[in-house]
Structures are given as structure tokens and as C-alpha cells.
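In this text, all values refer to a predicted model and were calculated from it rather than measured experimentally.
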There are 2 protein chains.
Amino acid sequence: MKPDLRLFADRLTNRSRLSEVEVRAVLDLPARMLKVAARRDFVRLGETVDHVSVVAEGVVARFGQNSEGERQISAFHIAGDAPDLHTVVVPSDTVPLLALSEATILSIPHTALRVVAARYPAVAEAFWRDCSIDAAITANWVLNVGRRDAQTRIAHLLCEMAVRYNAHVGGGEVSYSFPLTQLQLADAVSMTSIHVNRSLRALAEQGLVTFSGGRVRIPDWKRLVHRGEFEDDYLQAGWQPGNRLRIMD
Amino acid sequence: MKPDLRLFADRLTNRSRLSEVEVRAVLDLPARMLKVAARRDFVRLGETVDHVSVVAEGVVARFGQNSEGERQISAFHIAGDAPDLHTVVVPSDTVPLLALSEATILSIPHTALRVVAARYPAVAEAFWRDCSIDAAITANWVLNVGRRDAQTRIAHLLCEMAVRYNAHVGGGEVSYSFPLTQLQLADAVSMTSIHVNRSLRALAEQGLVTFSGGRVRIPDWKRLVHRGEFEDDYLQAGWQPGNRLRIMD
DNA sequence: CGGTTTATTGAGAGGGCTCAAAGATTGTGG
DNA sequence: CCACAATCTTTGAGCCCTCTCAATAAACCG
């Protein structure tokens with residue numbers, strides 16, 4: 001049975017305007033489903049890939065490592081995301097991918113994606129747009145890692161993920177499932193797991209966030225947003241159906 | 001007189017396969033030329049742009065800033081680069097741009113770019129590919145800032161720029177013009193200009209690099225590459241005319 | 001229930017920062 | 001072409017945030 005690509009199609013149509021035919025073409029893409037265990041690298045550095053991975057379930061990380069083997073996570077990817085969609089046009093730029101929790105991955109061959117992109121330029125445009133938004137997130141990550149102290153950095157990241165999970169709507173307590181270990185969080189924010197632990201405690205003592213049992217709880221959204229210097233524009237979270245751009249006729 | 005877009009077209013054809021007609025379409029794009037003084041922000045945060053900036057001369061930086069106004073440069077752009085090409089598909093994601101040296105910018109309207117992209121899907125593909133390579137560079141920047149110490153970080157950056165300037169070919173002394181102040185360099189590598197100064201001196205004392213008078217000199221390329229843990233694959237520097245990909249028919 | 005991974009806490013060290021000030025360079029106007 | 005101003009570079013001293021090393025407690029997993 002063919003895996004369901006609806007999540008991926010939804011992600012695209014949330015950001016781009018696609019016709020029914022185009023959406024159908026995406027949904028009809030061939031895909032192989034694979035379950036990946038937590039803490040498993042399922043795309044290795046240097047490996048040549050001929051397919052794109054779409055996250056259907058779980059949390060996936062893109063990372064790099066220095067010569068000592070220390071890791072730096074440069075992006076988190078959640079359901080709907082295609083961490084290496086760019087390999088459709090730059091196949092040699094393989095990025096290592098790691099499942100942080102148990103994850104379900106849908107694997108779509110480059111060949112099939114290229115056929116659809118060539119046939120439906122608006123789909124190619126949607127891919128391009130997706131890659132660009134990802135890039136904006138990464139650029140923001142540089143700022144976060146480079147110019148914010150430990151607590152602010154963590155707060156910022158937890159805000160970002162709240163918005164990406166769309167968990168920040170409504171006014172009350174914000175909460176979402178985020179099944180990472182503190183060590184993995186440390187690899188994302190460029191700190192030691194020990195210092196992550198201490199910073200997390202400090203944030204909790206101020207009543208700002210709680211991170212435990214794989215769940216993030218934010219009692220007062222606005223307060224954390226302020227603490228983390230968080231502004232969500234770069235996520236394009238406010239995209240309305242009306243102002244979705246389409247350049248392909 | 002219309003500014004010459006040859007540099008931009010070259011950049012595209014170095015990475016993508018375009019027909020003569022497509023190249024011509026790029027060259028015929030309308031453009032306005034502007035000279036920007038050094039240390040001048042010529043695209044401000046929040047400002048809505050309706051054009052793309054192409055660097056014709058000089059060095060330009062993409063940056064973000066934290067709540068204290070401290071800056072973090074997330075990308076350098078040199079002649080041929082289009083720092084905000086992605087705004088063609090994500091116009092609301094304006095990135096602040098700063099001229100580090102006196103620079104010449106060619107400004108191309110979104111509308112014109114969109115017409116060409118729609119008419120020539122292969123050009124759209126080339127744009128997408130360009131954005132993707134930029135994104136790969138940014139992802140690497142995260143690793144650099146997050147997981148490398150001062151000297152290694154600087155060494156890595158100076159290697160990257162050498163390759164992007166294509167100054168690393170041949171075996172002898174590598175050298176290129178890189179007219180930044182140490183403060184600007186500090187904003188790129190997330191350090192204090194004071195610490196940049198000291199690290200630079202340390203690197204010089206080891207005979208690895210010299211950074212002064214707006215010029216970088218590398219006596220022994222391989223040694224600096226090693227010191228900076230630099231691997232150039234992410235830059236797609238090895239792209240041969242033969243293996244340029246084209247997905248649009 | 002035992003074994004492994006993860007979280008937590010303590011003590012000490014260090015890389016990079018802050019504050020401060022003196023040189024060197026660059027640019028500008030007269 | 002000089003003089004002055006502004007910017008940039010360099011150096012010193014002390015401190016602090018985050019890391020390292022080490023050990024225990026807790027949670028998870030089969």
C-alpha cells in the first residue's frame with residue numbers, strides 16, 4: 001500500500017498556491033515508507049542519495065560535525081517537512097539526518113520529483129519556496145547560536161518549535177510534544193548537556209518553560225517570547241490563503 | 001545605459017545548464033545600478049523589497065541582530081551573488097544587507113524576475129539551485145560558529161572565502177582581497193573584535209594566515225585547510241560543466 | 001529486575017568577554 | 001600636502017559564562 005503523502009502536500013499548499021491537478025500529482029508521487037528507530041542516523045554524510053526524505057512522524061535533525069566528532073544540529077524537522085528537498089537540484093549536497101525520536105519517513109525518488117517539477121512548474125516553485133523558508137530558519141539559527149546567551153537561546157528555540165507545531169495559538173498554557181534528550185538539545189544550541197540542564201532549571205524556576213518527559217510546557221506564551229527575543233516573522237507563520245504567491249502561470 | 005548582468009549570468013551557468021536563449025533572458029533583465037558606500041545598510045530589516053540585489057563589486061553581508069543590537073553576519077556575498085534571490089518566492093522574508101566595502105549593486109525588480117522564471121522554467125530551476133547552495137553555506141556556518149574554537153573558526157571562514165573567490169587554485173601562496181575590518185569579521189564569527197585580533201595574531205605567528213590591509217594571504221593552503229577543518233564539498237566547487245544537472249526539459 | 005541511558009549536582013578550569021587606553025591607519029577639508 | 005578627526009588595531013588586566021571532569025540519582029527498556 002502506498003504511503004500517504006497528504007502531510008507533505010499540506011505543507012506545500014500552506015505556503016504555495018497549487019491547483020487540484022498539481023496537488024494530485026504530489027499525492028501520486030511514489031513513496032516508500034520506513035520506520036526509523038530513535039537515535040539512528042538514517043542518512044549518512046557523504047552517502048549519495050537518490051531520494052528525498054519526508055518526515056511523516058517524529059522528530060528528525062539535520063546535523064554536521066567537527067573533526068572531534070562533536071555534533072551540531074542545524075535544523076529540526078517535524079511532520080510534513082522534507083529535510084533534504086534541495087537535493088532534487090543539488091544531489092551532491094547530502095545532509096546527514098538523524099532520527100531523534102522514533103520516526104516514520106517517506107522516501108520519494110529524485111527521478112519522480114523531477115518529473116513532477118518539470119511537468120508542473122508551480123510545484124517546482126513550491127519546492128523552491130519551501131527550501132527558501134528552511135534557509136531562513138537556518139539563518140536565524142546562526143544568530144541564535146552566535147549572539148544569544150544560554151537561557152535566551154533555549155527559550156528562542158522552544159518558541160520556534162511551538163510555532164512550527166502550531167501549538168502557540170490560543171492564549172492559555174502552550175504545550176507540545178518534543179521528545180528530545182537534553183544532550184540532543186545541547187547539540188542544537190551548541191552547549192554542553194550539563195549547561196543545558198542548568199539553564200533549563202533556571203528557566204523553569206522563573207516559571208518560563210518546562211522541558212521534561214519529552215514535552216514542553218509554556219505557562220505564559222508572551223513571557224517566554226519576550227525572554228527568548230522571539231519574533232516569528234521568519235517562519236512565515238502568518239501566511240494567509242489570500243496572500244500566497246504564485247509566479248508560475 | 002543598462003548595467004551588465006554578465007557576472008550574475010555566469011554564476012548561474014556555473015551551477016546550472018542554461019540554453020543560449022535562457023542566458024540571454026537573464027542578461028536582458030532590467031536592472032538599476034547603485035553604488036553603496038562602505039559600512040552602509042542598504043536593505044533594512046522589516047523593509048519590504050520589490051527587487052533583488054545582485055552584487056557586482058565589493059563585499060556584502062547578510063545579518064541579523066539580537067535585542068541588544070549586536071550583529072551576527074550570517075553570510076558574505078561577493079561579486080556575482082544574489083543575497084536575497086529567495087525574495088522572488090518569499091517576498092516577506094526581507095534580509096538586512098550591509099555593504100562591508102564600497103559596493104556596486106545591481107537591483108532587479110521581482111516582477112521581471114518572475115516573468116523570466118515563469119517563461120523559462122530552467123531559469124527558475126537555476127534560481128532554486130542557487131538558493132539551495134546558499135542555504136548549504138549557511139548550514140555550515142552554524143557548525144562553524146557552534147562547534148569550533150576561535151582560531152579554527154576564523155581559519156575555516158578564510159578558507160571558505162578563498163574557494164569562493166576561486167583564489168585557491170594553483171599550489172603556491174593563496175591570496176585574495178577581503179576588505180573587512182576586524183570588527184566586521186568578529187560579527188561574522190561571533191566573537192569580540194578584540195578576540196579576533198588576538199586569534200588572528202596567533203594564526204599569523206603560526207605562519208598560517210595573514211589578514212591585513214584588506215587582504216588575506218595564505219602561505220600554505222593545505223596547512224590552513226587542515227587547521228580550519230575545511231572541506232569544500234558544501235560549496236559545490238568541483239562542479240564540472242559535464243555534470244551540471246537540469247531537470248526542466 | 002538488572003543494565004543502560006539520561007538527568008542532576010559539585011568543584012575547578014579556561015576560553016572568550018569587558019573595560020580601558022594607547023597606537024596606527026585612513027580619510028577629509030583646508 | 002598637511003593637520004585633524006574618526007575609525008581601526010593592538011595590548012593589558014580581570015572577570016564570568018560555559019566547559020571539563022567526576023560522581024550519584026533517576027528513568028527507561030527489555
Atom CG of Asp149(A) and atom C1' of dC17(C) are separated, to the nearest Å, by 13 Å

note: Leu183(A), atom CG; dT5(C), atom C1'; distance rounded to Å ~ 10 Å

- Query: If you take atom types as modelled and just measure distance, does the side chain of Arg198(B) reach the base of dG15(C) with a donor-acceptor pair under 3.5 Å?
  - Reply: no

*asked:* Main chain of Arg148(A), side chain of Arg153(A): is a donor-acceptor contact present, judged purely on distance under 3.5 Å?
replied: yes

*asked:* Classify Ser190(B) by what it touches in the nucleic acid, base, sugar-phosphate, or nothing, heavy-atom distance under 4.0 Å.
replied: sugar-phosphate

Could you tell me if the ring centre of Phe76(B) sits under 6.0 Å from that of Trp141(B)? yes

Nearest-nucleotide check on DNA chain D, Phe211(B) vs Glu70(A); residue mapping nearer the 5' end is Phe211(B)

Open item on the list: Using a heavy-atom cut-off of 4.0 Å across all strands, would you classify Thr192(B) as base, sugar-phosphate, or nothing?
Closed with: base

>> Can you classify the ring geometry of Trp221(B) versus Phe230(B) as parallel (below 30°), tilted (30 to 60°) or perpendicular (above 60°)?
In response: perpendicular

On a heavy-atom basis, the closest approach of Arg11(B) and Ala79(B) is NH2-O, 3.7 Å

- Would you say a side-chain N or O of Gln182(A) is under 4.0 Å from OP1 or OP2 of dT8(C)? yes

Sorted by chain and number, sequence neighbours left out, salt bridge (Lys or Arg N to Asp or Glu O under 4.0 Å) with Glu47(B) holds for none

Determine the contact category for Arg39(B): base if any of its heavy atoms lies under 4.0 Å from a base atom, sugar-phosphate if only primed atoms, P, OP1 or OP2 are that close, otherwise nothing. sugar-phosphate

Between CZ of Arg147(B) and P of dG16(C) the distance, given in whole Å, is 13 Å

In whole angstroms, the gap separating C1' of dA7(C) from CE of Met191(A) amounts to 15 Å

Rounded to whole Å, the CG-C1' distance (Leu100(B) to dT7(D)) equals 15 Å

Exercise. Just by modelled atom types, is the Gln184(B) backbone N or O under 3.5 Å from a matching donor or acceptor in the Thr181(B) side chain?
Worked result: yes

Against the side chain of Ile194(B), the closest entry in dG12(D), dC21(D), dC17(C) is dG12(D)

Between CG of Leu180(B) and P of dT7(D) the distance, given in whole Å, is 18 Å

Quick note, Ala150(B) side chain, CB onward, closest among dT20(D), dG16(C), dT6(C) is dG16(C)

ask   = Does a side-chain N or O from Arg201(B) land closer than 4.0 Å to OP1 or OP2 of dT11(D), or not?
value = yes

When rounded to whole Å, the NE2 to C1' distance for the pair His195(A) and dT9(C) reads 14 Å

The salt bridge (Lys or Arg N to Asp or Glu O under 4.0 Å) partners of Arg198(A) (sequence neighbours excluded) come to none

Taking dC8(D), dT10(D), dT8(C) as options, the one with an atom nearest any side-chain atom of Asn197(B) is dT10(D)

Note to self: Is the shortest side-chain heavy-atom distance between Arg15(B) and Gln236(B) below 4.5 Å?
What the structure shows: no

Here the distance between atom P of dC8(D) and atom CZ of Arg215(B), to the nearest Å, is 20 Å

One would report the end-axis bend of the helix from dC1(C)-dG30(D) to dG30(C)-dC1(D), five pairs per end and rounded to 10 degrees, as 60°

